[in-house]
Amino acid sequence: MTKFIEQRVDELENQVAKLELIIHELRGKKPIEPSTTTVEDDKPLTPNQQRAAIIEKAKKFVEEKLGREQAVPDSRGSIYGPWYLKDFDFVVNIEKRTIIALCKGTKGKVRERGIAKCNPNDVFNEHIGKAIALGRALGLDVSEFEQAIQPTVAVGQLIEVCRASDNKSTGHFLTVNGINSNGYPTHDDGMYTSHYKIINDTNAQYGGAN
């Protein structure tokens with residue numbers, strides 16, 4: 001009976017090791033031997049790490065489209081086929097939290113445009129906004145960028161200071177230059193803010209994201 005139990009335990013351990021390997025591969029990591037799996041490897045990405053990844057993806061998305069001819073179906077059903085878009089311009093309005101992508105044809109005429117307007121409850125990011133606006137202009141799926149995870153506080157972000165009593169805006173905006181031991185954003189001369197709203201993370205420093 002004892003030998004049977006030991007064999008059963010060995011079988012279960014092997015199954016767990018195989019499942020750990022599958023989890024790593026599904027997360028996009030290189031296949032590894034179960035014996036090298038660590039608790040650190042299995043930690044899920046933080047919101048800021050996920051945010052940093054989607055920002056980089058948005059940058060690459062825009063870079064891949066710029067400087068290339070893009071065939072876009074004529075929305076008017078022209079018998080001449082697709083329009084070929086060559087030049088792209090962006091109109092960024094940080095105050096209104098909007099970005100417009102203007103896609104021009106071979107003669108410089110604006111053929112298509114896409115607009116991205118940041119939700120009042122979301123954090124504005126210029127790179128994500130450009131990807132959304134450009135994707136919409138080209139008729140591409142940009143749902144991944146539209147559903148980008150919202151960040152936690154980090155250096156470089158623009159925050160709006162709120163009142164402690166009701167958490168409403170005080171009308172003051174600050175750039176985060178550090179995080180204190182309590183997790184609060186610091187600004188001038190080490191002063192910190194405990195009640196705030198993250199407004200813009202275009203210049204956030206997510207290296208070694210927290």
Please tell me if the side chains of [X] and [Y] come closer than 4.5 Å, counting only heavy atoms from C-beta onward.
X      : Y      : answer
Asn125 : Cys118 : no
Arg136 : Ile115 : no
Leu174 : Tyr196 : no
Phe145 : Ile54  : yes
Ile128 : Arg51  : yes

Compare every heavy atom of [Y] with every heavy atom of [X], then report the nearest pair and how far apart it is.
X      : Y      : answer
Leu45  : Gln50  : O-NE2, 3.1 Å
Ala137 : Ala101 : CB-O, 4.4 Å
Lys117 : Lys96  : NZ-O, 3.4 Å
Leu134 : Cys103 : CD1-SG, 4.0 Å
Ile55  : His127 : CG2-CD2, 4.0 Å
Thr193 : Tyr184 : O-CB, 3.6 Å

Consider only side-chain heavy atoms of I, L, V, M, F, W and Y, link residues closer than 4.5 Å, and tell whether [X] and [Y] are in one cluster.
X      : Y      : result
Ile94  : Phe173 : no
Ile132 : Ile149 : no
Ile199 : Val176 : no

Do other residues, nucleotides or ligands put more than 12 heavy atoms under 6.0 Å from the NZ atom of Lys60? no
Other residues, nucleotides and ligands only: do more than 12 of their heavy atoms fall within 6.0 Å of CZ on Arg97?
yes
side-chain contact (heavy atoms from CB on, under 4.5 Å) filter on Asp141, not counting sequence neighbours, yields Ser143
inquiry  = Is the positively charged end of Lys65 above the ring of Phe61, judged by distance under 6.0 angstrom from the centroid and angle within 45° of the axis?
reply    = yes
First locate atom [atom1] of [X], then atom [atom2] of [Y], and finally report the distance between them rounded to the nearest 0.5 Å.
X      : Y      : atom1 : atom2 : result
Glu112 : Phe88  : CD    : CZ    : 10.5 Å
Ile198 : Gln150 : CD1   : CD    : 8.5 Å
Asn177 : Gln205 : CG    : CD    : 10.0 Å
Ile100 : Arg113 : CD1   : CZ    : 7.0 Å
Glu144 : Glu146 : CD    : CD    : 10.5 Å
Lys197 : Lys168 : NZ    : NZ    : 13.0 Å

- [ ] Could you please spell out the steps behind the side-chain hydrogen bond (donor to acceptor under 3.5 Å, both in side chains) verdict for Asn48 and Thr46?
- [x] CA-CA 5 Å; Asn48 283 359; Thr46 66; 5.9 Å; no
Next item on the list: Step by step, work out the side chain to side chain contact (heavy atoms under 4.5 Å, CB included) result for Ile179 and Val153.
Entry: CA-CA 8 Å; Ile179 311 293; Val153 67; 3.8 Å; yes
Mind listing the side-chain donor-acceptor pairs of residues 154-161 below 3.5 Å, one per line with the distance, residues two or more places apart or on another chain?
| residue | atom | partner | partner atom | Å |
| --- | --- | --- | --- | --- |
| Gln157 | OE1 | Ala154 | N | 2.8 |
| Gln157 | NE2 | Thr152 | O | 3.0 |
| Gln157 | NE2 | Tyr206 | OH | 2.9 |
| Glu160 | OE2 | Ser169 | OG | 2.3 |

Quick check against the 3.5 Å criterion: does Thr202 have a side-chain atom that pairs as donor or acceptor with the backbone of Glu126? yes
